[in-house]
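Here's the structure, in structure tokens; my notes come after.
Treat the numbers as computed from the prediction; the structure is a model and nothing was measured.
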Amino acid sequence: MPPETRAEELEPGEVAGLRRPREEMRLIGQEPAEAAFRAAIGSGRLHHAWLIGGPRGIGKATLAFRVARHLLARGAGRGEPDTLAVPPDHPAARQVASLAHPNLVLLRRQRAPGAKTVPTQITVEAARRALHLFAETAADAGYRICIVDCAEELNLASANALLKVIEEPPARSLFLIVSHAPGRLLPTIRSRCRRLALRPLAEADVAAVLRGLGPPWSAHPPEVLARAASLAEGSVARALGLLDPTTLALVDEVEALLASPDWRRVLALAERLSGREADTLYETALDTVQRHLAAEIGRRLAEPPARLAALAEASERIARSAREAATYNLDRRPVILSVFEEVAAAR
């Protein structure tokens, strides 16, 4: 069973009661990514900075901590290791789980002492505190490791502070930079990293992760777990959201309206999703629409290209409308209404 996590101890992006990535000893479905690290460690030429990219909820941070745990416990050694797994009772595993290892630092958004809220970005002060590790001598002459989670939350000043250390890294230093959208990073950071793109998990792997989480998540009926895994598009984080009855009911409602629009219900839906308290449901509705359009394109591959292009263009217009609404803080109601208009017109 996952360890209990009190709400006040939650870090950005965490879910109460779930193991944090630094506590998670399993890595499911990302064997090729682990193999890339094993080969690099075995070669004796481990690149000093890795950009670990891919969608949210597929194991990027878990992989980063897995690599760090291995190096802090066993070092690079000679030859390619068979696995990066470390026993959970190993001292280094316990230190990593509690962020107490002297050679490891996690660069993330953090609440400043005395502050009531967590900042929306990783501040330059937080970056400088974390990167001070690389101005010191490593304990036991081992690796000094910085995990950045996640890179999109760096502001310009903190990104430049990170860049300065990556440009001239001390010996036996390693930067594991988790990114949900690597294309948004400073080109100068990207150019100094070895890029490793993780793929969305297979549906069976998402289901396996859900079953292994323990109660309350694994206590859902098997058919509910299976449906959440099938709709999650390879993301455990998305699957967890879909285990919520309200979220799953919204998916059913949006799918029904896409199949047969009822404009009175569409208007009611737009009103319901317009408030800031409905952020998660709004994103779920947009995801459901895009998944519907992708499935339509897949089903109609034998049709004339012009009809497929209409669906693809509708998908792009919907995505652009949502981006503009988010960027300029526009009313969401027109976005939701235009979604169903676009889908109806593309048929």
Side-chain angles (χ1 to χ4, degrees), residues 11-14 18-41 46-76 81 83-86 88 90 92-110 122 126-127 130-131 133-134 142-154 158-159 162 165-166 169 172-182 185 189-190 192-201 209 234-237:
E11 297 159 6
E14 291 183 344
L18 281 183
R19 287 184 291 268
R20 298 177 172 101
R22 64 177 187 259
E23 299 165 334
E24 180 57 70
M25 306 304 292
R26 304 176 305 156
L27 181 68
I28 293 178
Q30 298 297 354
E31 291 80 7
E34 175 165 328
F37 272 107
R38 292 203 326 266
I41 292 168
L46 180 64
H47 193 72
H48 74 281
W50 292 65
L51 181 56
I52 305 173
R56 293 179 185 272
I58 62 172
K60 301 186 299 298
T62 299
L63 172 64
F65 278 105
R66 189 175 177 86
V67 172
R69 192 183 300 118
H70 172 87
L71 290 173
L72 295 171
R74 297 173 177 165
T83 178
L84 298 183
V86 174
H90 190 286
R94 293 198 297 268
Q95 287 178 306
V96 168
S98 60
L99 291 181
H101 198 287
N103 285 353
L104 173 68
V105 67
L106 172 60
L107 179 52
R108 63 185 180 197
R109 290 188 291 129
Q110 284 183 294
I122 298 173
L131 297 171
L133 172 69
F134 299 93
Y143 271 93
R144 285 171 287 180
I145 303 173
C146 174
I147 295 175
V148 182
D149 188 13
C150 64
E152 289 72 47
E153 294 173 351
L154 292 163
S158 56
L162 175 65
V165 184
I166 291 178
R172 295 179 72 78
S173 60
L174 179 64
F175 297 84
L176 301 170
I177 303 172
V178 172
S179 175
H180 310 312
L185 271 63
I189 289 181
R190 294 201 307 268
R192 285 161 176 79
C193 294
R194 174 171 170 178
R195 302 186 200 181
L196 184 64
L198 272 61
R199 297 179 178 275
L201 298 174
V209 173
S235 167
V236 173

*Is there a side-chain contact between R66 and V86, using heavy atoms and a 4.5 Å cut-off?*
no
*List the steps, then state whether side-chain contact (heavy atoms from CB on, under 4.5 Å) holds for I189 with F175.*
CA-CA 11 Å; I189 289 181; F175 297 84; over 6 Å; no
*Can you measure from NZ (K60) to CG (L51) and round to the nearest 0.5 angstrom?*
10.5 Å
_Least distance between heavy atoms, I166 atom then H48 atom_ = O-NE2, 3.0 Å
*Can you name the closest pair of heavy atoms from L72 and Y143 and give their distance?*
CD2-O, 3.7 Å
*Go through L63 and W50 one step at a time and tell me if the side-chain contact (heavy atoms from CB on, under 4.5 Å) criterion holds.*
CA-CA 12 Å; L63 172 64; W50 292 65; over 6 Å; no
*Of the non-hydrogen atoms in H47 and R194, which two are nearest, and what is the gap between them?*
CD2-N, 3.5 Å
*What closest approach, in Å, do S173 and P169 show between heavy atoms, and which atom pair accounts for it?*
OG-CB, 3.5 Å
_Run T83 and E34 through side-chain contact (heavy atoms from CB on, under 4.5 Å) and show every step you take._
CA-CA 8 Å; T83 178; E34 175 165 328; 3.8 Å; yes
_Can you tell me how far apart CZ (R19) and CD (E24) are? Round to the nearest 0.5 Å._
4.0 Å
*Nearest 0.5 Å please: distance from the OG atom of S98 over to the CZ atom of R20.*
10.5 Å
*Does the S179 side chain pair with the main chain of G53, one donor and one acceptor, at a distance under 3.5 Å?*
no
*asked:* If you count every heavy atom of other residues, nucleotides or ligands that lies below 6.0 Å from R26 atom CZ, does the total exceed 12?
replied: yes
_Test side-chain contact (heavy atoms from CB on, under 4.5 Å) on R108 and E153; report intermediate values, then the result._
CA-CA 8 Å; R108 63 185 180 197; E153 294 173 351; 5.8 Å; no
_Looking at every heavy atom in both G59 and L27, which two are closest together, and how far apart are they?_
O-CD1, 3.9 Å
*What distance do M25 atom CE and R69 atom CZ have between them, rounded to the nearest 0.5 Å?*
4.0 Å
*asked:* Within this structure, what is the CG-CG distance for the pair L133 and L107, rounded to the nearest 0.5 Å?
replied: 11.5 Å
*Using side chain to side chain contact (heavy atoms under 4.5 Å, CB included) as the criterion, point out the one residue from L84, I145, L104 that pairs with L71.*
I145
_Least distance between heavy atoms, E152 atom then P182 atom_ = OE2-N, 4.2 Å
*First locate atom CG of L99, then atom CZ of F65, and finally report the distance between them rounded to the nearest 0.5 Å.*
5.5 Å
*Are there more than 12 heavy atoms of other residues, nucleotides or ligands under 6.0 Å from atom CZ of R74?*
yes
*With respect to L154, which candidate in I177, L185, I122 satisfies the side chain to side chain contact (heavy atoms under 4.5 Å, CB included) definition?*
I122
